[in-house]
Amino acid sequence: MLRAIVCFLFLCTAVQGSAVRNQITIRDGGYENLLIAINKDVAEDQTIVDTLIDIFTSGSGYLFTATKRRTYWRNITILIPNTWTPKPEYERARTESFETANVIVDAENPAWEDNPYTLQLGGCGVHGEYIHLTPNFLLDRENSEYIWGPMDKLLLHEWGHLRWGLFDEYHTEDEGSSKFYADSRGNIEATRCSTKLTGEALNINTFEQCQRDPETGLYEADCFFFPNLNGQTEPASIMYAQFLESVTDYCHSNPELPGYHNREAPNKHNNLCSSRSAWDVMLETDDFARENNPPFEEDIDTTPTFRLVQASTRRVALVLDVSGSMGTNDRLAKLNQAATQYLRYTIEDGSMMAITKFSYSAEIIVELTEIYNETNREYLISNLPNVPDGSTCIGCGILAGIQALKGPSREEDPAGGYILLVSDGEENVFPYIINVLDQVVESGVIIDTIAFSPQADPKLQQLSTLTNGLAFFYPDTANSTALNDAFTATVTSRSGLSTEVLPVQLYSGALTVPGNSPVSDTFVIDSSIGLETVLLFSWLDEPISVEVEDPDGVRINSSDTSQYRVDMAAKIVSVAITDIAKPGEWMFTVDSDSNQAEVVIVTIESKPTSTTEAPITVNAVVGSQTLNHRSTPTMEIYAEVRKGYLPVVNAEVTAVIETPGDATTFLPLYDNGAGADITKNDGIYSAFFLDVDGDGRYSVKVQVSNEGSTASIASRSRRSSGGLPLSPDRYTPTPTTYEPAEAFVRTSSGGVFEVENYAEPVGDTLAPSRITDLAVASASYESSSVTLQWTAVGDDYDQGTASYYDLRFSTSFDALLDNFTLSDPVTEEQVLSGNLSVIGQSGALESLTISVPTRGESVVYFFAITAGDEDENFGGVSNIVSASLEFIPLPTTDTGLEPWAIGVISAASVLAALAVVIFVVVLCKTNSSSKKVNTNTTKPNSDNEKKDGNVYDNSSYVA
Ligand SMILES: *[C@@H]1O[C@H](CO)[C@@H](O)[C@H](O)[C@H]1NC(C)=O
Ligand SMILES: *[C@@H]1O[C@H](CO)[C@@H](O)[C@H](O)[C@H]1NC(C)=O
Ligand SMILES: *[C@@H]1O[C@H](CO)[C@@H](O)[C@H](O)[C@H]1NC(C)=O
């Protein structure tokens, strides 16, 4: 049985942050710079490291085989958390961090157990975010391999997701995916790749042969395909059942060779990759396109080298631009406000901080010092520079920052330290950024950059990318909150280093206070947070006053000197709630002494009240750092909303994008599995940003709210990319349940992306998104009809409303896929319910029942759809679904279950489960000659088969 999972939810929340992922590189077929990181809350255990080394070493050999001698893992870095005992063999971590790692080892939420998975945000062919392995998975190897097969081969499955943007070739919970389907020869097949893999379709409760459901023509809901564990000869596919001994390859598209791709299977891979084989998708990635990384001719040693590094505590050097231009538009004053709030409330005790400034040269103002109380925070604040003068020497600033991170003695290793570099101009004094790059790389520091105003040097972002740092853009417009948000995100998005509880950002907004008239807004405190809640109001012109009202109507204003504070120097009013803030709706009112309208920037932060329960968090991610507008007119924006690792669904999520053209776009994000969103209800909300208005930087922030109480928390993560269990009954996740979430608000910076080669659009060139979730809801022999469902896409990608649907059908899968426009369109006359001409708004659920021309034995119809806009731009052809129009007699009401079977159903004991396993194994063994699953009703296995047989030998899968 599975080990007990010892993991406090809160301690399992560490992944967030909008950092650029650590870049895995490939050179001469060897992957380099792969980063595996262990979370700080994972209990120290050398076995974890040993197992990682072991499975990546043998996995590297399998990778070599699976890529037809093209690639292997050459070197791998493992980041040991700073909570583990230091060892001489650990080097000091440099730019490695948990938040940017490619493979993470972190406890999972108890409900989802230890199934490994890869987080994928983008579509087919797009790199995934990270592979998540749990400590239990690595520690209890016997159990893990019993369920999922050899770990090293499982890594290849995850690598397919992570590196090449492949998807599962087995059935997942996604719309448009099903366990079985009617194929073009009229057979019912199990969803798999390739079709040559043999197995049995059995009811998971009774282990009887499955019955077909007269409603759908498919097998009953409890029917599963049990692949034969022995006697297979097919080499593919790793994205289906990598645990089978014969499986060593990804499916390909050469029908002459074993391992031929199954285009017809309704799985996520085919749905998102338009039925292209895994190998074809791989060949188009940079790894293999243009003859990159051709096969090795000689045998090579595929053993990777491992480097173990250990993280240290958070050390930050502020590197602040005080050049003359910082004197314009109150820039230095704004920078001081943001830095003051950051030093006073955001950065946690125990961190080390230094302050440096630069203009024509640079200077360390405050040497690296530990932050431990209010007095020393105020000391740092009082030393923030406030006199602008001179030119811009960014290289000088960076070098000073590296010096500062060496500590006052200049003897310490700066590696793994952070530079927070803020600059508003192009550099014009030697040394330039380019002149110090070698020193930056050698020092191992991470550089976060805030490009202050559109004039800021374009190289800042590259500096962040080079060092795995975060990049932000503050447009320096009156209503932008991006400066405060950026300072906050440099801390809150990196919990991996901190042993302290970090704040959660609840609110960030610009409030215009009209002269002589107060203005109010509300925010919500939920019960998971409320500790050290602070409301910050910064102004630039005339002093303001603030009143805050708690859910019970108790007011806090300037008369409450213990909680209310005015910093006249920095021009900030702060209200720091002493007690735990009461859950519920709070209100604040801001009044100004001015009789002119004035903008007040409002930031609200609060810390979790519990160390055992995770608060809801949001993590914003942009599709890429740069956008070449001429070739790609859109940018994907994602927001991951979750409580620990549990998805929060149906929240209201909005991205706020500030453009170089001074526009602010509010873009709703959806978790509906359509358009930019590849998985429904996984807590990841997505949309395409289309309103590009010129070259330059775009700043992104995400706001999440459940003020309408629509949101709920899923009991487990829906991600199921982690490889199939060896046998369906070895791992049955408990069904997802949803618990209503209380009211909450959150906000988070998503960083910056840069647009190049802006091309003014000429007319409407943006087509609707491709529909990827077409599904057959039911098929009826009785009425010769099929009901189809899908999610509506927009006029432009996933926005607005499309103008037409082009729904077509065929009795030939190949004809429909290869010659969509030559296939028969579904006509108005065929529509029995619904209306093909009535197009729902993007995101709406569409449903249509149509009659089909014939029915009977072996009659199968295939369907596909595209949406078009008024200018005849059509999206790609959707996934293809099939419906069987064969007569299925009602199942015979034979309740003659074997006594043993009844026992299995009723007993939940370990023994019974074990018995089932043994029994299934026996079935698989005795049937390994195996018939293909087909429409013929085969008799249940005879009693002889059930009683006969020996205990399954699992040892071949255990190293
Ligand atoms: C990986 O290997 C290459 C070649 O052996 C070497 O240049 C590089 O520094 C190594 N990187 C790491 C992180 O070990
Ligand atoms: C697609 O159409 C072409 C041209 O009419 C034809 O040659 C080909 O056989 C068709 N393919 C399928 C799979 O029907
Ligand atoms: C379907 O909708 C179109 C456009 O609204 C309408 O003209 C047509 O009559 C409708 N068809 C049916 C069968 O209701």
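Note that these values count all heavy atoms, side chains included, but never hydrogens, waters or copies made by symmetry. Indexing begins at 1, ligand by ligand and atom by atom, following the structure's order.
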*Asks:* Please verify the inter-ring angle class for H157 with Y170; under 30° counts as parallel, over 60° as perpendicular, anything in between as tilted.
*Replies:* parallel
*Asks:* When you measure from atom 6 (C) of ligand 2 to each heavy atom in L816, N819, D818, which option holds the nearest one?
*Replies:* N819
*Asks:* When you compare the side chains of S184 and E264, does any donor N or O come within less than 3.5 Å of an acceptor on the partner?
*Replies:* yes
*Asks:* Taking the six-membered ring for Trp, are the ring centroids of Y62 and W159 within less than 6.0 Å of each other?
*Replies:* no
*Asks:* Should you measure from each heavy atom of V838, which atoms of ligand 3 turn up under 4.0 Å away?
*Replies:* 2 (O)
*Asks:* How close does the nearest protein non-hydrogen atom get to atom 5 (O) of ligand 2, and which residue and atom is it?
*Replies:* L822 CD1, 4.0 Å
*Asks:* Just going by heavy-atom distances, which of I839, L832, N835, V831 is nearest to atom 2 (O) of ligand 3?
*Replies:* N835
*Asks:* Where the closest heavy atom to atom 4 (C) of ligand 3 is concerned, which of S833, S837, G834 has it?
*Replies:* S837
*Asks:* With a 4.0 Å cut-off on N to O distance, would you call K680 and D773 a salt bridge?
*Replies:* no
*Asks:* Show the atoms of ligand 2 that are less than 4.0 angstrom away from any heavy atom in D814.
*Replies:* 13 (C)
*Asks:* What I want to check is whether the side chains of T198 and N228 have a donor and an acceptor closer together than 3.5 Å.
*Replies:* yes
*Asks:* Is there a protein heavy atom less than 4.0 Å away from atom 8 (C) of ligand 3?
*Replies:* yes
*Asks:* Under 4.0 Å from atom 11 (N) of ligand 3, is there any protein heavy atom?
*Replies:* yes
*Asks:* Do the side chains of R70 and D287 get close enough for a salt bridge, i.e. N-O under 4.0 angstrom?
*Replies:* no
